[in-house]
Amino acid sequence: MAKLQPVRGTKDLLPEENRRHRHVLETARNAAELYGYEEMSTPIFEFTDVFKRTLGDSSDIVIKEMYTFEDKGGEWITLRPENTAGVARALISGGLSQNLPLKYFYGGPMFRYERPQKGRLRQFHQIGIELLGVAEPLGDVEIIALGAEVLNALGISDKVTLELNTLGDQESRENYRASLVDYFSGHLDNLSENSRTRLERNPLRILDSKDEGDRALIADAPLMMDYLNSASSKFFKSVLNGLDNLGIAYRHNPHLVRGLDYYCHSAFEYTTEELGAQGAVLAGGRYDGLVETMGGPATPGVGWAAGVERLAMLTGVVPLGGHIIAVIPIGTEMEAGAFALTQELRAAGFQTDVAFRGNMSKRLKRANKVGAACAVLLGEDEVARNYLTVRDLASGEQQNVSRGDLTEYLLNWKRV
Ligand code: ATP
Ligand code: MG
């Protein structure tokens, strides 16, 4: 039988790593709450159509990356590669647009069939937010500020840069697209094959190309800024002003794009130099046409998603918060009493660990291993004279504490 392995691109989250993920999630959830964004969850799978319609036939995700299968009932199902489509579907199928604006936060696993590498998995996790029903540029400012808040609360602001661009409104984008088609059509011979396909389907995406020949052409390509109509230009200025007012630094990257038709105005990305090729940490933008594209009522929207794995790598080790007290019986006759004491301490709200076997020194070792700060020892003398020995595991110092004073004593104990 073949050796049992996790599926390529998937990963077990053992406690140390799981703790980091949880820290990222909880930090983001708290920041979202501070901004009035409530958590919601959509199913991990949807009808394939939900993603086909929103992401479009020409996106990398739909062409190459989706986990799609036919279920036993003959329905085509896809494991969600991202969560905005699911949120938009929920808005439509749940008739939620009666209550706009809506502010949502989400977090959970996503699935993409990609080439696995550091910071790129097939099952990965995202946190994200969506602001629906707000067409004002202050909406863009708010969600970027919330992104900054999360990065700041995680202590990684100095490792990331905010890159920002505008795609303008539909009219501006159409004019720009025409100018790009014009320009790249004049340089077909130097364009990569991929980008030649993009030229037909999705010319803006060429600006995203990593191909060196393409990059040289892109450097001289027309710029969106020169094709913005006055409304779009005003919108962009308002977003920049809003960010300036908040002291949020950004770099205008005129080549930052999102390829699909319903994207407009702000497109942004927090990037880092510290994760090699996987530099995108948090990415988002405005998607005013999305809900309508899916068959719902015209609803402006703006949001972002961030990769939890990448955030967790930048965050580093998160100290253990748990197991502060280990209860240790001295001798097997004391085991039942020690377990009762353990339960008593747990009932009083102390994080408590008890080993199930071993002599005192083995149990002390285990206590150190789980990161306990102190051990409560229970032996014959302790029972006879109704006290406990509390041992500081860092210094080795011991203190006798009468049974009745134990919880009080532990409460005042220098917690770590
Ligand atoms: P990339 O350029 O790295 O492929 P993307 O443009 O596909 O990213 P988005 O679809 O914007 O990414 O998703 C938002 C965030 O989710 C990314 O910035 C990244 O942090 C994370 N992410 C995307 N794909 C993966 C993956 N396969 N593994 C881990 N994290 C991912
Ligand atoms: Mg990708």
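These numbers were taken from a predicted model, which means no experiment stands behind them.
Residue E38 qualifies as open at atom CD: its count of foreign heavy atoms under 6.0 Å is 12 or below. E70 CD: more than 12 foreign heavy atoms inside a 6.0 Å radius. A 6.0 Å sphere centred on NZ of K159 holds more than 12 heavy atoms belonging to other residues, nucleotides or ligands.
In this structure, the ring of Y227 has its center less than 6.0 angstrom from the ring center of Y176. Between Y67 and Y113, a ring centre-to-centre spacing shorter than 6.0 Å is recorded.
Although no hydrogens or angles enter the test, the distance criterion places no donor-acceptor pair under 3.5 Å between the side chain of Q5 and the main chain of R8. Proximity of a side-chain donor or acceptor of E136 to a complementary backbone N or O of L138 within less than 3.5 Å is not detected. In this structure, the side chain of T10 does not engage the main chain of P6 through any donor-acceptor pair within 3.5 Å. Between the side chain of N412 and the backbone N or O of E408, at least one donor-acceptor pair lies under 3.5 Å. In this structure a side-chain-to-backbone donor-acceptor pair under 3.5 Å is missing from N253 to E163. A side-chain donor-acceptor contact under 3.5 Å links T352 to the backbone of F350. Judged by distance alone, the side chain of R310 and the main-chain N or O of G119 form a donor-acceptor pair under 3.5 Å. Counting only distance, with no hydrogens or angles, the side chain of T299 and the backbone of P297 share a donor-acceptor pair below 3.5 Å. Under the 3.5 Å distance criterion, the side-chain polar atoms of T342 are left unmatched by any main-chain donor or acceptor of V354. The closest donor-acceptor contact from the side chain of N359 to the backbone of S361 lies under 3.5 Å.
A salt bridge links D353 with R366: the distance from a Lys NZ or Arg NE/NH1/NH2 to an Asp or Glu carboxylate oxygen falls below 4.0 Å. A salt bridge does not link K118 to E309: none of the charged nitrogens lies less than 4.0 Å from a carboxylate oxygen. Between R20 and E16, at least one side-chain nitrogen of the basic residue sits less than 4.0 Å from a carboxylate oxygen of the acidic one, meeting the salt-bridge criterion. In this structure, R205 does not pair ionically with E200, as no charged nitrogen and carboxylate oxygen lie closer than 4.0 Å. Between E397 and R391, no side-chain nitrogen of the basic residue sits less than 4.0 Å from a carboxylate oxygen of the acidic one, so the salt-bridge criterion is not met. Ion pairing between E46 and R89 holds under the 4.0 Å rule for side-chain N and carboxylate O.
With values rounded to the nearest 0.5 angstrom, R215 atom CZ is found 11.0 Å from S192 atom OG. Separating the CG atom in D208 from the CG atom in L256 is a distance of 7.5 Å, to the nearest 0.5 Å. With rounding to the nearest 0.5 Å, the separation of CZ in R251 from CG in L162 is 10.0 Å. Rounded to the nearest 0.5 angstrom, L55 CG and M66 CE are separated by 7.0 Å. Between S266 atom OG and I144 atom CD1 the span is 5.5 Å, to the nearest 0.5 Å. For the atom pair CG of D214 and CZ of R198, the computed distance is 7.5 Å after rounding to the nearest 0.5 Å.
Here the closest heavy-atom approach between residue L217 and residue Y183 is recorded as O-OH, 2.6 Å. Nearest heavy atoms, I92 versus G295: CD1-C, 4.4 Å. Nearest heavy-atom pair, L25 versus G107, reported as atom, atom and distance to 0.1 Å: CD1-CA, 4.3 Å. The two residues L378 and L388 come nearest to each other via the heavy atoms CD1-CD2, 3.4 Å. When all heavy atoms of A88 and L290 are compared, the closest pair comes out as CB-CD2, 3.6 Å. For the pair A31 and E149, the tightest heavy-atom approach, listed with the atom from each and the gap, is CB-CG, 3.9 Å.
A donor atom on one side chain and an acceptor atom on the other are found under 3.5 Å apart for D169 and S172. In this structure, a donor-acceptor pair under 3.5 Å is present between the side chains of T42 and N83. Looking only at atom types and distance, the side chain of N229 has a donor-acceptor partner in the side chain of S232 under 3.5 Å away.
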Might you work through the salt bridge (Lys or Arg N to Asp or Glu O under 4.0 Å) test for E171 and R177, ending with a clear yes or no? CA-CA 10 Å; E171 182 189 71; R177 176 180 302 148; over 6 Å; no
When you look at Y106 and I129, which way does the side-chain contact (heavy atoms from CB on, under 4.5 Å) test go after all the steps? CA-CA 6 Å; Y106 64 79; I129 57 145; over 6 Å; no
In sequence, state the C-alpha distance, the side-chain angles, and the governing distance for L132 and Y104, and then conclude on side-chain contact (heavy atoms from CB on, under 4.5 Å). CA-CA 8 Å; L132 293 150; Y104 291 133; 4.1 Å; yes
Go through the steps for E344 and R403 under the test salt bridge (Lys or Arg N to Asp or Glu O under 4.0 Å), then give the verdict. CA-CA 12 Å; E344 214 176 281; R403 178 91 196 209; 2.9 Å; yes
Report the C-alpha distance between F184 and I218 in whole Å, list the side-chain angles of each, state the deciding distance to 0.1 Å, and finish with yes or no for side-chain contact (heavy atoms from CB on, under 4.5 Å). CA-CA 9 Å; F184 286 117; I218 291 162; 4.1 Å; yes
In sequence, state the C-alpha distance, the side-chain angles, and the governing distance for Y263 and R173, and then conclude on side-chain contact (heavy atoms from CB on, under 4.5 Å). CA-CA 10 Å; Y263 283 118; R173 219 170 38 256; 5.9 Å; no
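Figure legend: R80 and F45 shown without cation-pi pairing, the cationic atom not lying both under 6.0 angstrom from the six-membered ring centre and within 45 degrees of its axis.
Every residue meeting the side chain to side chain donor-acceptor pair (under 3.5 Å) condition with T68, not counting sequence neighbours, appears here in chain and number order: T78.
Only one option out of E39, E130, E33, E142 pairs with K103 in a salt bridge (Lys or Arg N to Asp or Glu O under 4.0 Å); it is E142. With N165 as the partner, the side-chain hydrogen bond (donor to acceptor under 3.5 Å, both in side chains) test is satisfied by one option alone out of H252, H265, H255, E269: H252.
Using a 4.5 Å cut-off on side-chain heavy atoms (C-beta onward), P81 and E65 make no contact.
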